[in-house]
Each structure stands twice: as structure tokens, then as C-alpha cells.
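Heavy-atom basis, side chains included; hydrogens, waters and symmetry copies ignored.
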Amino acid sequence: MNKVFKAAGLMLATGLTLTAQFSQAAEENSSWLALSKKELRQVESYATGYKDFIHKARTEITFVDETVKLVEAQGFKPLKSDSVLTPGARFYDVNRGRAMNLIVIGEKPLTEGVRIVGSHIDSPRIELKGRPLYEKEGFALVQTYIHGGIKNYQWVNIPLALVGHVDKKDGSRVKISIGLDADDPVFMVPDLAPHVDQEYRKRANREVIKKEELDAIIASKPGKKSKVKQQVIAYLKSEYGVSLADLVSAELALVPAMKPRDVGIDRALIAAYGQDDKLAAYASVKAILEQKTPEYTAMAFLVDNEEVGNINNTGAKSTYLVDLISQMLYLNKGGDYNDHFLRLALKNTKVISTDVNPGVNPNWPGVWDLGNAPRLGQGVNLKLYGGGFNANSEYIAWTRSYLDKADILWQTSTYKGKASGGTIGSSLSKDNMEVIDFGVPVLSIHSPYALSSKVDIYSLYRAMSAFYQY
């Protein structure tokens with residue numbers, strides 16, 4: 001019998017409260033308790049690499065850039081029109097700098113299916129509008145809008161970094177990153193002090209700070225003969241060769257500037273920006289790097305724009321992934337290629353759609369049905385949404401099989417009282433691929449500083465590796 005249910009049954013007999021029953025069961029089922037000293041060191045080593053990576057990879061573009069550096073050092077090469085897809089060959093393909101695929105060619109023909117781990121690499125953030133700069137009350141500020149669902153009030157009074165690029169009419173691109181290095185200045189959206197906010201105290205939770213009030217201070221010192229705004233314009237010109245008009249064709253974001261940090265005296269948790277969903281994306285990269293010559297071709301699909309609905313030509317709803325599989329089939333079959341081979345490959349393909357999800361919060365456990373709730377420290381969680389959004393039962397059973405054979409602890413996750421669809425999974429299943437959605441629980445999702453468990457993120461990486469090899 002599952003350890004959690006056995007413990008819960010014993011406690012029911014002793015008359016403990018339901019919350020206490022599940023709390024004790026949770027402690028007994030902790031993934032930490034199953035680790036050897038060697039595995040504990042592996043967890044720490046993995047967490048260190050993860051923190052270093054996501055500190056640099058703040059946006060989808062920087063994630064792609066950092067991933068290319070990482071995989072090229074491990075022998076991956078760009079997929080080209082004349083690439084030879086021999087078993088064990090390692091390729092990567094980048095879609096417009098904002099999405100990508102990592103590929104290790106397997107022994108079986110592509111028509112027998114591919115093993116794909118899909119994750120998104122965009123995260124909630126504040127973005128600059130096309131004409132952002134203005135001056136008010138002696139400050140230079142930038143107008144902003146948001147990418148993804150955030151609680152606006154969480155993004156005030158914290159250090160923000162400005163990252164992204166400006167594309168100029170001559171075809172050149174200027175990269176900008178201010179605030180991530182220790183010596184850089186940072187930016188901030190200032191809040192009202194409690195001494196003067198009486199008129200605003202009746203605002204509802206999501207309206208405490210309105211979207212249009214998330215404008216950040218970018219400068220405040222005027223020149224002897226120029227206003228603050230003119231000083232900013234002059235700085236952009238002298239430092240980056242960028243004009244105010246060039247910002248119309250820019251992608252600039254304000255992201256939390258804080259470095260990832262360990263949390264707790266036991267250092268079991270990680271606080272970091274962007275763990276939704278760079279946590280899963282990093283795990284898929286690390287897992288595919290381990291693959292030598294898999295039985296089935298392995299792919300790590302890293303995609304943009306999940307936080308705003310999987311849209312645009314770099315989102316999961318685009319044809320990019322199917323086009324790429326079609327290209328690989330054509331490289332193998334040449335003039336014998338036809339659409340039937342593509343449809344056969346898609347039908348036989350198995351996918352993990354990975355993403356984080358809210359875990360049980362000790363301060364608000366009541367928002368969960370605790371018998372179906374994911375807890376930090378208890379490993380990966382299979383998402384059972386209900387309402388027609390679940391993977392089919394035979395694919396769930398297949399997934400349980402390789403997780404159990406690899407001794408990877410898992411749990412399940414169902415939202416309380418309602419069905420809710422997945423992340424990028426539905427966009428992939430429409431092409432008749434077999435898709436399951438799982439990930440790990442995280443606290444404070446979509447906030448500037450979310451919390452994950454080191455043992456969970458390591459378990460997710462191990463689960464992906466087991467999937468590629470099963």
C-alpha cells in the first residue's frame with residue numbers, strides 16, 4: 001500500500017484531525033529520507049548548476065543563448081539541410097531565437113515515434129511599451145505592461161533589472177542587461193508609504209497596485225541644461241547607439257534582479273525568479289545531455305509564450321515542432337518522403353509536457369484537497385486535472401511504470417473542486433501525440449521570488465532521463 005495512504009489510515013483510527021493526518025503522512029513520504037549520502041551530494045551539485053544557470057537565463061532569449069553555449073560544449077551541432085541523422089548524432093535547432101529543440105537521434109526509425117519533453121522558457125514579467133520613456137515630478141520613468149499573470153503588488157519595492165535587446169533599422173541588434181551584476185544599478189517601482197495611502201486601502205487584492213501603476217523609475221538626475229528625460233536619451237545614444245525611436249522595435253523587460261538563494265537553515269529550498277518554467281526546461285536540457293544513443297529519438301522542446309496562451313510563431317500552438325519532425329523525416333527519406341510518414345511519426349510519439357504547479361502552502365493548506373495535493377519534497381507530481389484534460393489511463397500507467405522502475409518518487413495533483421487544463425500539452429496532443437502533464441510543486445508561483453525543493457528539481461531531471469530511456 002502507498003506509504004501516504006497507510007499512514008493516513010492509521011491516523012484516522014487514532015482520531016487525529018484530517019490536516020494532522022496528511023501532515024504526518026507528508027513527513028513520512030519525504031523524498032529526502034530515501035537519499036544516500038552520495039545522492040545528497042548529487043542533489044546539491046545539481047541545485048548549484050541550476051541556480052547559476054537561471055540567474056543568467058532571465059528571458060526566453062537569454063535561456064536559448066545560454067543553452068546553445070551549454071550544448072555546443074557537449075557536442076551538439078546546428079541541424080542543417082544536409083545533416084546526416086545517424087543514431088547517436090546530437091543536434092539543436094533554434095526558432096527565431098526564442099524557442100528551440102535539442103535532438104539526440106535514436107536507433108529506431110522516426111516513424112516509430114519520438115520521445116519529447118516539452119517545457120516553456122518564458123516567465124511572468126514586466127515589459128516596456130513601444131514608446132516607454134516619460135518624465136514626471138522630476139523622475140524619468142518607463143511605461144510598462146505585463147507578460148503573464150502576476151499579482152501586481154508583488155512587483156513594487158523590489159530591485160529590477162532591465163534585460164533584452166533593441167533591433168535597429170540597419171539590421172543590427174543591441175543587447176542590454178543592467179542590474180544583474182553586483183555593481184550594476186537597479187530599477188524600482190515605488191509603492192506608497194503607509195503614512196499617505198489612506199485613500200487607497202479599500203482596493204481589492206489584485207487592484208492594490210493597478211497595471212498602469214507599474215511604471216519604473218529609470219533616472220532622477222537632470223543635467224545643467226537638460227531635463228532628466230533628455231539625460232536618459234543621451235545615455236542610450238552614447239552607451240548603446242540607440243535612439244528613442246529605436247525602442248519601438250525593442251524587446252525589453254524588467255525582471256527581478258535578486259540572485260537565486262538557498263532557503264532555510266537546512267538549505268533544502270531554492271528561492272529564485274523564473275522557476276515557472278525554467279525549472280523544468282533546465283531539467284530537460286540536463287537530461288537530454290545524458291543521452292548517448294537512445295532507442296527512440298529524444299527531443300527537448302523549449303518553447304516561448306506559454307504564459308500568454310502559447311501564441312505567436314514561437315509558441316506551442318505554432319507549427320514549429322511538427323515542421324521540424326517533418327524536416328528530420330525528409331533528411332532520412334529524401335524523395336520518398338510523404339505526409340503519411342509524418343502522421344505516423346506523430347501518432348507514435350510520446351510527450352511529457354512539464355511545468356511547475358502550486359504546492360501545499362503551510363500557511364494556507366485549506367485551498368487544496370489534501371488527499372490529492374502536491375507537496376514540496378515529495379518528488380514529481382502527475383497532474384490529474386479532470387474534465388477531459390487528463391492523459392489517458394494507459395499512458396498514465398506507462399508513466400508510473402518507468403518512474404517506479406527508476407525508483408523516482410511521485411505524487412498526484414488535482415485542483416480543488418474544478419478541472420483545469422494543462423500548459424503546452426493540449427497544443428501538442430492536437431497533433432495526435434500521446435501527452436501527459438507533470439512537474440513539481442512550487443510555492444509563490446508567478447511571484448518575483450518563488451520557492452522550489454532541491455530534491456524535487458533533481459527528481460524531475462531523473463524522471464526525464466528515465467523517460468528518454470524507457
Side-chain angles (χ1 to χ4, degrees), residues 58-59 123-148 150-169 173-259 273 446-449:
R58 296 294 173 121
T59 68
S123 299
R125 58 179 180 258
I126 303 172
E127 295 181 339
L128 270 58
K129 291 183 178 179
R131 299 183 183 274
L133 186 63
Y134 71 101
E135 185 169 334
K136 188 175 183 180
E137 301 298 333
F139 295 94
L141 299 102
V142 285
Q143 288 187 306
T144 65
Y145 55 109
I146 62 173
H147 177 98
I150 66 172
K151 294 182 178 181
N152 302 335
Y153 65 83
Q154 295 179 337
W155 290 71
V156 300
N157 303 334
I158 63 170
L160 298 169
L162 180 67
V163 297
H165 65 264
V166 180
D167 284 315
K168 301 174 70 173
K169 291 191 294 183
R173 170 171 289 184
V174 180
K175 294 184 178 181
I176 295 176
S177 179
I178 307 171
L180 295 182
D181 290 340
D183 294 332
D184 284 353
V186 295
F187 308 96
M188 198 174 85
V189 180
D191 193 6
L192 280 173
H195 310 72
V196 293
D197 73 343
Q198 288 87 346
E199 295 181 16
Y200 298 89
R201 293 180 184 178
K202 293 182 179 180
R203 289 186 177 184
N205 176 301
R206 293 299 178 100
E207 295 294 315
V208 171
I209 301 292
K210 296 182 178 181
K211 292 179 182 178
E212 292 299 322
E213 295 168 341
L214 286 173
D215 290 355
I217 292 174
I218 196 168
S220 61
K221 184 170 66 176
K224 291 183 178 180
K225 297 182 179 180
S226 61
K227 293 186 175 181
V228 181
K229 180 179 176 179
Q230 276 66 47
Q231 291 291 100
V232 174
I233 294 171
Y235 175 82
L236 291 173
K237 192 68 177 178
S238 64
E239 191 72 16
Y240 297 104
V242 168
S243 70
L244 199 58
D246 289 330
L247 298 184
V248 171
S249 53
E251 293 183 28
L252 293 169
L254 288 165
V255 298
M258 301 89 76
K259 294 185 66 173
Y273 164 70
H446 285 207
S447 77
Y449 222 37

With a 3.5 Å cut-off and sequence neighbours excluded, list the donor-acceptor pairs that the side chains of residues 232-240 form with protein atoms.
{"from": "Ser238", "atom 1": "OG", "to": "Ala234", "atom 2": "O", "distance (Å)": "3.1"}
{"from": "Ser238", "atom 1": "OG", "to": "Tyr235", "atom 2": "O", "distance (Å)": "3.2"}

Check whether any side-chain heavy atom of Phe187 sits under 4.5 Å from a side-chain heavy atom of Ile178, and report yes or no. yes
Quick check: do Leu254 and Val189 have side-chain heavy atoms less than 4.5 Å from each other? no
So do the side chains of Tyr134 and Val142 get within less than 4.5 Å of each other, counting heavy atoms only? no
Kindly compute the distance separating CD (Glu135) from NZ (Lys229), expressed to the nearest 0.5 Å. 8.0 Å
What distance do Leu162 atom CG and Ile126 atom CD1 have between them, rounded to the nearest 0.5 Å? 11.5 Å
Atom CZ in Arg173, atom CD in Glu251: separation rounded to 0.5 Å? 7.0 Å
Would you say that His165 contacts Asp167 through its side chain, given a criterion of any heavy-atom pair below 4.5 Å between the two side chains? yes
Any chance CD of Gln198 has more than 12 other-residue heavy atoms, nucleotides or ligands included, within less than 6.0 Å? yes
Enter the distance from Trp155:CH2 to His446:NE2 here, rounded to the nearest 0.5 Å. 10.0 Å
Hey, does Ile146 have a side-chain heavy atom less than 4.5 Å from the side chain of Leu214? yes
Lys168 meets the side chain to side chain donor-acceptor pair (under 3.5 Å) criterion, sequence neighbours left out, with none
Looking only at side chains, do Ser447 and Gln154 share a donor and an acceptor under 3.5 Å apart? no
Scan residues 176-194 for pairs that pass side-chain hydrogen bond (donor to acceptor under 3.5 Å, both in side chains), counting only residues two or more places apart or in two chains. none
Rounded to the nearest 0.5 Å, how far apart are OH of Tyr145 and NZ of Lys129? 9.0 Å
Close side-chain approach of Lys210 to Arg203, heavy-atom, < 4.5 Å: yes
Where is the tightest heavy-atom contact between Pro448 and Met258, given as atom of each residue plus distance? O-CE, 4.0 Å
What I'd like to find out is whether the side chain of Leu128 reaches to under 4.5 Å of the side chain of Leu133, using heavy atoms alone. no
Under 3.5 Å, is there a donor-acceptor pair between the side chain of Arg58 and the main chain of Pro256? yes
Spatial distance of atom CG (Leu247) from atom CD1 (Ile176) [nearest 0.5 Å]: 7.5 Å
